[in-house]
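Written out below as structure tokens is the structure these notes cover.
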Amino acid sequence: MPEKFKLPAILALSIIDTLLASSVIYLNARNTANPKEPSSLFSPLAKEKSTQKIASATPSAELSDPFNLLLLGLDRRSREEKSYRTDAIMVVSVLKEAKKVVLTSIPRDLWLSGNKINAYFANEGFDKFKERIAEVTGLEPSHYVTVDFDTAVWAVDQLGGVETEIERGFTDYNYPSDRSSAPHPPSFQAGIQTLNGEEALEYSRSRKGNSGEGSDFRRMRRQQNLLNSMPQAFEKSNLAKLGAEALYNLLTGHLETNL
């Protein structure tokens, strides 16, 4: 692959892996973090924060390492809606030398300066919001990508569905009936299943299911489970046959970004 297309290819894969925007995920390190050090979730990555200035937003530019991109999942049902929240807030750090992509998610209900953090982006815009992200994580993203429910469903369907192992079955009788093409109420059986776009959105968005699945923590667990399955789905899909530039152009036609 030409050198100038490597970064957009990585970003495209990162975007696909995080398009299910109705929930947030914590780093696995959260379970082992020292409770006396609440900032330890972000500290290791913050220490690697680069002070290099981004020269330009073009894919071929020499970008900092790590390169921090903010992914925002909107609870917007359609692009016509002007009032929305960022219920998924994630810093994607592309560590080029280490050949890793690190996802640092921020809980939507985190209180910051008198408001929940998920309300700030729509009210203040990106330039101010990235400062708030830096205040929480020590990482200041230079660019952002936003996706909504329609984009999430489109992405999974473009992959031909995502095969994932559902840890335990549940039904969510309190799930909002706000998408006419989605099964209602969402119900899932334990075991390996291939989820289409609407099913994947419900699986990752539900937070009031029975059988012990009625919490934000279980929703985050399901989100992690689904994300782990998406790279394999991408490799088998027609999207993998596209060149990096064509794939990048396709994705940016369905989401909003300042890249």
Side-chain angles (χ1 to χ4, degrees), residues 14-33 41-42 70-77 84-92 102-112 116-119 121 136-137 145-156 159 161-179 182-231 233:
S14 301
I15 292 167
I16 289 174
D17 280 352
T18 52
L19 277 175
L20 302 180
S22 58
S23 63
V24 297
I25 55 174
Y26 289 119
L27 291 175
N28 289 334
R30 180 184 186 280
N31 293 328
T32 57
L41 176 62
F42 306 108
L70 185 64
L71 291 183
L72 299 173
L74 313 181
D75 68 346
R76 188 177 64 186
R77 277 66 175 172
Y84 56 82
R85 297 163 298 182
T86 52
D87 275 354
I89 305 172
M90 183 182 300
V91 180
V92 178
V102 179
L103 308 180
T104 304
S105 295
I106 302 171
R108 63 171 191 164
D109 290 333
L110 175 69
W111 281 85
L112 185 67
K116 289 184 180 180
I117 197 170
N118 65 349
F121 179 78
V136 174
T137 66
V145 174
T146 69
V147 296
D148 56 21
F149 292 163
D150 286 341
T151 307
V153 171
W154 171 85
V156 174
L159 293 175
V162 175
E163 184 180 80
T164 189
E165 184 172 0
I166 297 175
E167 292 182 328
R168 57 190 184 193
F170 69 94
T171 300
D172 187 349
Y173 295 102
N174 294 306
Y175 191 90
S177 181
D178 55 4
R179 297 186 65 84
H184 193 272
S187 185
F188 299 92
Q189 301 296 319
I192 297 176
Q193 298 182 37
T194 298
L195 306 179
N196 63 28
E198 292 289 356
E199 293 167 337
L201 180 62
E202 290 184 329
Y203 177 71
S204 64
R205 183 183 170 197
S206 169
R207 63 187 180 92
K208 296 184 179 180
N210 58 13
S211 302
E213 291 293 319
S215 71
D216 282 332
F217 291 101
R218 288 304 303 176
R219 178 168 67 174
M220 291 181 229
R221 173 75 175 181
R222 293 195 304 273
Q223 179 79 15
Q224 293 174 340
N225 186 37
L226 193 61
L227 291 177
N228 284 334
S229 305
M230 294 187 76

Exercise. Does a donor on one side chain and an acceptor on the other come within less than 3.5 Å for Y175 and R205?
Worked result: yes
Problem set entry | Separation of D109 CG from R85 CZ (nearest 0.5 Å) | 9.0 Å
Exercise. Nearest 0.5 Å, what's the CZ-CD distance between R179 and E198?
Worked result: 4.0 Å
For this session: Answer yes or no: is there a donor N or O on one side and an acceptor on the other, between the side chain of S206 and the main chain of Y203, under 3.5 Å?
Result: no
For this session: Please report the closest heavy-atom contact between G161 and A233, naming both atoms and the distance.
Result: O-CB, 3.7 Å
Exercise. Hey, what do you get for CD (E199) to CD1 (I166), rounding to the nearest 0.5 Å?
Worked result: 8.5 Å
For this session: Considering non-hydrogen atoms only, spot the tightest contact between S105 and M90 and give its length.
Result: OG-CE, 3.2 Å
For this session: State, with a plain yes or no, whether a side-chain heavy atom of R218 is found less than 4.5 Å away from one of R168.
Result: yes
Seminar exercise, completed: To the nearest 0.5 Å, atom OG1 of T86 lies from atom CG of D148 at 13.0 Å
Problem set entry | Minimum heavy-atom distance between L226 and V162, given as atom pair plus value | CD1-CG1, 4.0 Å
Exercise. With no hydrogens and no angle check, is any side-chain donor or acceptor of E213 less than 3.5 Å from a backbone partner on N210?
Worked result: no
Problem set entry | For the student: nearest non-hydrogen atoms of S211 and G169, plus distance | CB-O, 3.4 Å
Exercise. Are the charged groups of R221 and E167 less than 4.0 angstrom apart, N to O?
Worked result: yes
Seminar exercise, completed: Separation between CG (L201) and OG1 (T151), nearest 0.5 Å, reads 11.0 Å
Exercise. Minimum heavy-atom separation for T171 to S187, with atom names?
Worked result: OG1-OG, 2.8 Å
For this session: Kindly indicate whether the side chain of L110, heavy atoms from C-beta on, has any atom under 4.5 Å from the side chain of V136.
Result: yes
Exercise. Side-chain contact, heavy-atom cut-off 4.5 Å: E202 with P183?
Worked result: yes
Problem set entry | Pi-cation contact, F170 with R222 (under 6.0 Å, within 45°) | yes
For this session: Flag the pair T164 / I192 as yes when at least one side-chain heavy-atom distance between them is below 4.5 Å, and no otherwise.
Result: no
Problem set entry | Nearest heavy atoms of L70 and V91, plus distance in Å | CD1-CG2, 4.1 Å
Exercise. Is a salt bridge present between D172 and K208, judged by a nitrogen-to-oxygen distance below 4.0 Å?
Worked result: no
Exercise. If you round to the nearest 0.5 Å, how far is CD1 of I117 from CH2 of W111?
Worked result: 12.0 Å
Problem set entry | Flag side-chain contact, heavy atom, 4.5 Å: L74 against D87 | no
Problem set entry | Side chain to side chain, F121 and I89, heavy atoms closer than 4.5 Å | no
